[in-house]
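Worksheet: one structure, shown below.
Side-chain atoms are counted along with the backbone in the values below, which use heavy atoms only and exclude waters and symmetry mates. Here is how names work: the chains are called A, B, and so on, in the same order as the sequence lines, proteins then strands, and each is numbered from 1. It should be emphasised that the depicted structure is a prediction, and the values quoted were computed from it without experimental measurement.
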Number of protein chains: 2
Amino acid sequence: MTEPKTPDAGTAAGAAKKHGRDGKSNATIYDIARIAGVNASTVSRALSKPGRVSPKTQKLIEDAAAELNYHVNPFARALPTGKTNTFGLIVADITNPTFFDIIRGAETTATDRDYTLVLAESAESPATELTAARRLMATVDGLILASPRMDDDNIRALARDKPVVVINREVEGVPCVVPDVHKGLSEAVRSLAGNGHHKIAYVAGPPESWMSERRWEGVQAASEWSRLEAVRLESTKPTVDGGRQTARDVRASGATAVLTYNDLLAIGLMQELQAAGISVPDQISIVGFDDIFGADFTTPPLTTVRSPLGECGAGAATRLLDLLHGTGEPAGTLSVETELVLRGSSGRMLSA
Amino acid sequence: MTEPKTPDAGTAAGAAKKHGRDGKSNATIYDIARIAGVNASTVSRALSKPGRVSPKTQKLIEDAAAELNYHVNPFARALPTGKTNTFGLIVADITNPTFFDIIRGAETTATDRDYTLVLAESAESPATELTAARRLMATVDGLILASPRMDDDNIRALARDKPVVVINREVEGVPCVVPDVHKGLSEAVRSLAGNGHHKIAYVAGPPESWMSERRWEGVQAASEWSRLEAVRLESTKPTVDGGRQTARDVRASGATAVLTYNDLLAIGLMQELQAAGISVPDQISIVGFDDIFGADFTTPPLTTVRSPLGECGAGAATRLLDLLHGTGEPAGTLSVETELVLRGSSGRMLSA
DNA sequence: TTGTAGGCGTTATCAG
DNA sequence: CTGATAACGCCTACAA
């Protein structure tokens with residue numbers, strides 16, 4: 001407006017240069033202190049807990065900080081306090097789309113509350129999981145375990161160290177977020193019964209899966225209530241491929257409707273059945289579990305019991321952050337509702 | 001063997017107790033030093049760079065460390081060195097399954113090489129992206145940007161600070177990992193031409209997407225070569241829903257085959273077209289891009305140009321780690337191959 | 001080979 | 001309200 005300025009006047013680089021910083025290393029509270037003419041500890045106070053410093057020095061310091069483009073060094077901060085504003089999420093299998101939504105939910109609420117998410121996976125191995133957990137424990141303020149495969153004792157041991165929240169499984173003494181199968185499952189079974197089915201099959205997931213057992217129990221309970229016969233079938237792995245492989249057993253079982261441990265199994269099963277010329281749902285009804293991404297891509301689109309995975313991720317993160325901030329229950333299970341999503345893969349049998 | 005020991009003798013807790021640690025705070029190199037009867041700096045040496053200490057003291061120290069169940073404090077280590085054994089990955093949209101393979105690839109190679117992956121997303125916003133990047137820069141050794149939306153200059157600025165690798169986009173002076181559209185796209189167009197199509201449409205992605213432009217160029221080039229007419233259509237967002245909304249324009253365009261910026265668009269488009277009673281591929285062929293999870297769930301399964309997303313993630317991570325370790329080129333693009341995955345959604349028109 | 005001493009950037013505890 | 005000063009746990013010259 002008046003006089004020409006040097007090219008970088010007023011910029012952070014300019015300020016840094018002006019104040020003798022080499023621009024490579026970052027500004028520290030000492031640099032700010034020097035410019036603002038106060039002590040470094042005052043700067044620390046002003047920048048961490050606002051209000052404990054006089055308004056004018058506060059402003060002085062903030063200006064200097066802005067000028068230097070100052071950012072706290074998280075490590076230096078973590079050293080005395082132990083806080084990192086970071087939490088870990090360990091999922092059983094990054095490959096499994098079930099976890100996509102969980103990751104998303106957790107990441108979103110993390111950044112919303114100014115936390116950073118660190119991600120790791122266990123590849124379905126209890127040992128790998130424990131290793132990953134131990135590793136993360138050193139760097140994070142808390143940990144979320146999604147469908148953990150390690151045993152309860154290990155989880156409790158971790159939880160003694162730092163806040164831990166478990167998703168998709170109940171562990172005594174540890175805060176958990178678990179979809180309650182009851183509602184969704186009874187809706188599903190009732191729907192099936194209403195469509196004239198008498199015998200249904202449940203295709204189970206991995207034996208280590210806590211949730212698979214809960215779902216089987218739910219199927220049994222609901223079947224009993226609706227006076228249906230329920231049989232249990234095993235699967236090799238909870239994937240599309242695993243689903244394909246169960247087609248044989250499903251047909252042999254004589255069930256006219258099948259519920260699967262998860263959507264992947266359902267999709268594989270449906271593919272295999274259709275390939276064998278069996279019409280879904282005219283000859284057999286299929287109901288999945290979770291409502292993962294892509295469940296509605298199939299023809300017919302998959303009927304499924306939706307687990308609010310995103311909610312679980314977000315809920316667990318919220319729970320953890322509350323724990324970290326002193327609020328929130330130290331333990332207990334947060335139950336989230338499941339619901340039937342009725343699409344095309346289930347319905348009435350076509351009478352031959 | 002000789003005398004009765006206390007119940008927890010030999011355990012970490014026992015050792016900690018025996019040596020006066022309260023079991024809450026973690027053991028430090030000083031604790032080890034005391035037990036091993038050496039100086040803390042010797043412990044530091046023994047534990048970080050093996051070989052710079054005599055075999056016997058080395059063993060002494062290692063035993064003490066094991067006894068105390070010692071783990072380095074990453075922050076304390078990071079403070080003097082600046083190294084965190086951590087790198088960041090920022091994806092444009094956690095919602096988009098395209099990125100899950102990338103995340104998986106990066107996570108896997110990260111843990112393989114004993115690094116930890118920190119995840120963040122930009123929600124397709126250049127500003128959010130930059131904020132996230134800045135935030136991560138403070139805590140990580142390097143950064144991977146998957147389909148970044150911010151401009152080249154910002155990326156280069158970040159890259160001046162710490163190693164940065166870009167996926168799905170080319171930025172001058174920054175190491176990149178980019179799928180080369182050429183091969184896959186020419187295969188696709190040739191296949192279409194071979195099936196008697198004369199006019200094809202390209203449904204573009206977001207204007208900020210560098211990759212969308214490359215794909216359009218690729219479509220044009222391949223079309224020219226095969227003497228096809230190519231028209232470009234815009235989309236609102238690169239999602240299933242966005243795909244549905246383009247159905248109208250696609251029909252109006254008069255094209256008999258359409259390539260889309262990504263699979264999500266293709267799936268949405270196919271759903272909408274089929275809902276309108278148009279048969280795929282009998283009346284119109286659809287080819288997606290990427291081959292995301294679920295692309296083969298549709299009926300007919302989606303023909304698509306596969307981008308090796310997992311490879312990109314892994315490649316970028318490897319590249320980054322090499323950079324971090326002094327090996328590897330400082331810049332230049334690593335090109336990975338695309339290929340046509342011929343499934344059911346493309347083919348010959350059914351002559352009316 | 002090993003010990004000594006200083007520093008990395010913040011926070012916290014005291015005085016003043 | 002603000003200024004010294006001592007941790008926090010580890011690394012790294014430098015010296016012995």
State whether [X] places a side-chain N or O below 4.0 Å from either non-bridging phosphate oxygen (OP1 or OP2) of [N].
X: Tyr30(A); N: dG7(C); result: no
X: Arg77(B); N: dC11(D); result: yes
X: Lys83(B); N: dC11(D); result: no
X: Thr57(A); N: dT2(D); result: yes
X: Thr81(A); N: dT11(C); result: no

**Asked** Donor-acceptor pair under 3.5 Å: do we get one between Ser41(B)'s side chain and the base of dT4(C)?
**Response**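 By the distance-only test, yes, there is a pair.
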Under 4.0 Å between any heavy atoms, over every strand shown, what does [X] touch: base, sugar-phosphate, or nothing? Just pick one.
X: Lys49(A); value: sugar-phosphate
X: Val72(A); value: sugar-phosphate
X: Ser54(B); value: sugar-phosphate

**Asked** How close do Val140(A) and Gly88(A) get, heavy atom to heavy atom, and via which atoms?
**Response**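 In this case the closest contact between Val140(A) and Gly88(A) is CG1-N, 3.6 Å.
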Grab the [atom1]-[atom2] distance between [X] and [N] for me, whole Å please.
X: Arg52(A); N: dT2(D); atom1: CZ; atom2: P; result: 11 Å
X: Arg45(A); N: dG9(C); atom1: CZ; atom2: C1'; result: 16 Å
X: Asn26(A); N: dC8(C); atom1: CG; atom2: P; result: 13 Å
X: His71(A); N: dC8(C); atom1: NE2; atom2: P; result: 20 Å
X: Leu68(B); N: dC10(D); atom1: CG; atom2: P; result: 12 Å
X: Tyr70(B); N: dG9(D); atom1: OH; atom2: P; result: 10 Å
X: Leu47(B); N: dC11(D); atom1: CG; atom2: P; result: 8 Å
X: Asn73(B); N: dA7(D); atom1: CG; atom2: P; result: 18 Å

**Item:** Sidechain N-carboxylate O distance under 4.0 Å for Arg319(A), Asp322(A)
**Value:**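 No salt bridge links Arg319(A) with Asp322(A).
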**Request:** Side chain of Val53(A) only, please: which of dC8(C), dT2(D), dT10(C) is the nearest?
**Result:**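 For the Val53(A) side chain, the nearest candidate turns out to be dT2(D).
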**Asked** dC11(D), dG9(C), dT11(C): which one has an atom nearest the side-chain heavy atoms of Ser48(A)?
**Response**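 Comparing dC11(D), dG9(C), dT11(C) against the side chain of Ser48(A), the answer is dT11(C).
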**Item:** Any side-chain donor near an acceptor of the partner, Arg149(B) and Ser122(B), under 3.5 Å
**Value:**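 Result is no, nothing qualifies.
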**Asked** Where each residue is assigned the nucleotide of DNA chain D containing its nearest heavy atom, which of Asn39(A) and Pro55(A) is assigned the position nearer the 5′ end?
**Response**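 Of the two residues, Pro55(A) wins.
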**Prompt:** Ile29(A) versus Tyr70(A): any side-chain heavy-atom pair under 4.5 Å?
**Reply:**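 Yes - at least one pair of side-chain heavy atoms lies under 4.5 Å apart.
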**Message:** Over 60° means perpendicular and under 30° means parallel, so tell me whether Phe100(A) and Phe100(B) are parallel, tilted or perpendicular.
**Reply:**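 Ring orientation of Phe100(A) relative to Phe100(B): parallel.
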